[in-house]
Amino acid sequence: MRNFALFWTGQLISGTGTWMQMVAMAWLVLDISGSPAVLGIVTTLQFLPLLLFVLPAGVLADRFPKRTIMLAAQALATVQALVLGFLALTGSPQIWQLALLAFILGVSNAFNNPAQQAFVPEMVGLTLVPDAVAMNSVQFNSSRMIGFALGGLAVAQLSAAAVFFMNAASFAAALTALLVLRTGELRLSRSKPARHGALREGLQYVLHTPAVLFVLGALAVVGTFGYNWPVAAPLLARDVLNVASVGFGALMSAFGAGSLVAGIGLVVVGGSNDRRMIVSGAVLALILILLGISQSYPVSLGLMALAGLSGTVFTTTVNTRLQGLTPDRLRGRVMSLFVLLLAGTTPFGSALLGLGAEAFGISSAIIGFGAVTLAGLAVLLVLRTRRDGSAAARNRPS
């Protein structure tokens, strides 16, 4: 478990810096443009590479050493943070420059994330995957809680440039951890995908495996309409709650605190099933509706904590289900679909939310997104019930 402990610690430190940068980036874009739509577009460009490149990246993760892919991707993210820092330090950067750098960070994430997800069983073995996924959730949400709080304070007390340089420095921990892993202790997959048709093979597996298809369908709904916090939170802070950058950081720290509680709880409880996935997704949708209604900062803080809790239960359950349902030789490709549907759908969701906020106000837009999330999950349940009923009818003795 030495390898996993090193990896976990490095990701905790670099993740904290990444979330700090997200606060600084969102606030800088709003400060320069003053436009919710522009924030939505810049956020869209950050997640667009996931849509474009994450599936080929999953094939690469099944073919080449995952550690090497992560080292290259995180080195690129380090350079991106340094460039952002220099631009912010030397003067007010242009929106097109921020948009381009957001896209570059998206490229890094597109290649890093499938490799990182598929790397977990290689460090701990398949039997410990549920515990490792839950521990990664604890790490992810601890860094988010700390990073958003520190990011809001650092933007207010120092500058966005300082935050970008802090993020660049934080990547040293992740890169060092990857470099000192004991590769001889990794449980590497012996089978490699064919050179031609590897992506098609992964997609065919998903389409012909109803249990996997149902999980990914739920993830597509929640990823598109329920996970647009980089756009929703700063707009709520500025336009509804009037609490500026520190208040924005506190909102996202509350989200991270709820997520951390969920992660720790899942380490204790363990396991995963479709009922937990659907219930937690539906609870998240209801919380979105209540968050859109709320005009109170303390109430919104509480709702954000509950959103973090329910959202983390949902995503961790999805991750664990997919890891357990997928054979080793396809894991990189299937987990690339996990990344695609969790984060790669954000270009659509962020752009729609930004445009909706511009036209109707952020509160109405969030209420609408919560309602669509709830309706989408209900449709998936109806379709699965009908499919199961048809299958039972076909198998019934005549």
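Computed from a predicted structure; not experimentally measured.
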Hey, could you give me the [atom1]/[atom2] distance between [X] and [Y], rounded to the nearest 0.5 Å?
| X | Y | atom1 | atom2 | result |
| --- | --- | --- | --- | --- |
| Leu105 | Thr18 | CG | OG1 | 7.5 Å |
| Leu216 | Leu380 | CG | CG | 11.0 Å |
| Leu6 | Gln11 | CG | CD | 11.5 Å |
| Phe53 | Leu60 | CZ | CG | 12.0 Å |
| Leu306 | Leu301 | CG | CG | 11.0 Å |
| Ile287 | Thr373 | CD1 | OG1 | 12.0 Å |

Kindly say whether [Y] contributes a backbone atom to a donor-acceptor pair with the side chain of [X] at under 3.5 angstrom?
| X | Y | value |
| --- | --- | --- |
| Asn3 | Leu181 | no |
| Ser294 | Leu290 | no |
| Ser108 | Ile104 | no |
| Arg67 | Leu178 | yes |
| Ser280 | Met277 | yes |

Just wondering, do [Y] and [X] contact through their side chains at under 4.5 Å, heavy atoms?
| X | Y | result |
| --- | --- | --- |
| Asn319 | Thr315 | no |
| Met166 | Leu158 | yes |
| Pro93 | Ile32 | yes |
| Phe338 | Asn113 | no |
| Val261 | Thr312 | no |
| Thr317 | Val215 | no |

Quick one: do [X] and [Y] end up in the same hydrophobic cluster if we chain Ile, Leu, Val, Met, Phe, Trp and Tyr together by side-chain heavy atoms under 4.5 Å apart?
| X | Y | answer |
| --- | --- | --- |
| Met22 | Val243 | yes |
| Leu207 | Phe214 | yes |
| Leu374 | Leu291 | no |
| Val318 | Leu213 | yes |
| Ile95 | Ile41 | yes |

May I have the step-by-step check of side-chain contact (heavy atoms from CB on, under 4.5 Å) for Val83 and Leu101, ending in yes or no?
CA-CA 8 Å; Val83 174; Leu101 287 165; 3.8 Å; yes

Verdict with supporting geometry, Leu89 and Phe164, side-chain contact (heavy atoms from CB on, under 4.5 Å)
CA-CA 10 Å; Leu89 185 65; Phe164 297 143; over 6 Å; no

Work out which heavy atom in [X] is nearest to a heavy atom in [Y]; give both atom names and the distance.
| X | Y | result |
| --- | --- | --- |
| Gly151 | Val163 | O-CG2, 4.5 Å |
| Val42 | Ala102 | O-CB, 3.9 Å |
| Ala57 | Pro114 | CB-CG, 4.2 Å |
| Ala262 | Val313 | CB-CG2, 3.9 Å |
| Leu353 | Ala365 | CD1-CB, 3.6 Å |
| Ser143 | Gly15 | CB-C, 3.6 Å |

side-chain contact (heavy atoms from CB on, under 4.5 Å) between Phe314 and Leu219: does it pass, once the steps are laid out?
CA-CA 9 Å; Phe314 176 83; Leu219 182 60; 3.9 Å; yes

side-chain contact (heavy atoms from CB on, under 4.5 Å) assessment of Leu84 paired with Leu28:
CA-CA 11 Å; Leu84 264 177; Leu28 186 60; 5.6 Å; no

